[in-house]
Amino acid sequence: MFTKPSIYYILGTPNAGERDPLKLLEEALKGGISHFQLREKGMNALTGQSLKEFALKCQALCRKYGVPFIINDDVELAHELNADGVHVGQEDAKASDVRARVGDRMMLGVSVHSVEEAAEAIQNGADYLGMGPIYGTKSKSDAKAPSGVSKIIQVRERFPEAPVIGIGGITADNAEAVWEAGAAGIAVISAITEAGNVQEEVQKMVASYKGAIL
Ligand SMILES: Nc1nc(C(F)(F)F)ncc1COP(=O)(O)OP(=O)(O)O
Ligand SMILES: [Mg+2]
């Protein structure tokens, strides 16, 4: 499910600005992302039928490249589209309710910020844990203060079997510390979305893992 180094691209139309989100996604897929999350939030976020149509296009692209298509927050949309996964945070639907709703086939990701939250998420059927923000982020208006990799290290020690995805301000240049903390993957919005060459940026992120372990 999360072979190291997993590069988990997250995007919503508001992040894309003037760029075409579907082109961004295809370039990132060509560059070698391992997971994609549709996170449609913020200014002018799509809703209803237009969100569904956009989600279907993203899902088709991910299928073409054999990459899991995960939906953030919107459990019903994930269920309706039979997405490969759904991601919820501490303020979203309860992980145990989500697991009951989507069944065992769908990947369930849960955002956690402590060993206690990690324990609860795993207990409630989480397949992976999103942890951050590692560094400062502009992609999440209600993000907590950056915590570095210390909490990832704590959770890894306590739950070595649980895949942890680091998130928050991660770039190819600062990813090494996240790999060294034991993360199975890094989640990225801006560094890929704003890259001059998206494919190259993804490849640099993959390469940052080799730099960390050698
Ligand atoms: N969307 C996320 N994806 C991940 C993942 F691990 F998948 F990279 N980790 C953390 C989050 C943050 O989730 P949440 O705390 O609910 O905030 P928001 O819904 O605004 O994203
Ligand atoms: Mg959420």
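Numbering of ligands and ligand atoms starts at 1, following listing order. The structure presented is a predicted model; accordingly, all values stated were derived computationally and were not measured.
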Fill in the blank from the handout: The atom of D73 among N, O or S that is nearest the Mg ion (ligand 2) is OD1
Completion exercise
Of all the N, O or S atoms in D92, the one nearest to the Mg ion (ligand 2) is OD2
Fill in the blank from the handout: The protein residues that pass the under-4.0 Å heavy-atom test against ligand 1 are Y8, I10, Q37, R39, K41, N72, D73, H87, G89, D92, S111, Y128, G130, K140, I165, I167, A187
Practice task
Kindly indicate whether the side chain of R63, heavy atoms from C-beta on, has any atom under 4.5 Å from the side chain of F69.
Solution key: no
Exercise for the section: For residues I152 and R156, determine if any side-chain heavy atom of one lies less than 4.5 Å from a side-chain heavy atom of the other. Expected result: yes
Problem - Check ion pair D97-R99 (N to O, under 4.0 angstrom) - result: no
Problem - Pair K151 + E117: basic N to acidic O under 4.0 Å - result: no
Practice task
Take atom CZ of R19 as the centre, draw a 6.0 Å sphere, and report whether it contains more than 12 heavy atoms from other residues, nucleotides or ligands.
Solution key: yes
Handout entry: Geometric class of the Y8/H35 ring pair [parallel <30°, tilted 30-60°, perpendicular >60°]
Key = parallel
Exercise for the section: Begin with the C-alpha distance, continue with both residues' side-chain angles, and end with the deciding distance and a verdict on side chain to side chain donor-acceptor pair (under 3.5 Å) for E26 and Y65. Expected result: CA-CA 9 Å; E26 181 137 38; Y65 289 83; 2.5 Å; yes
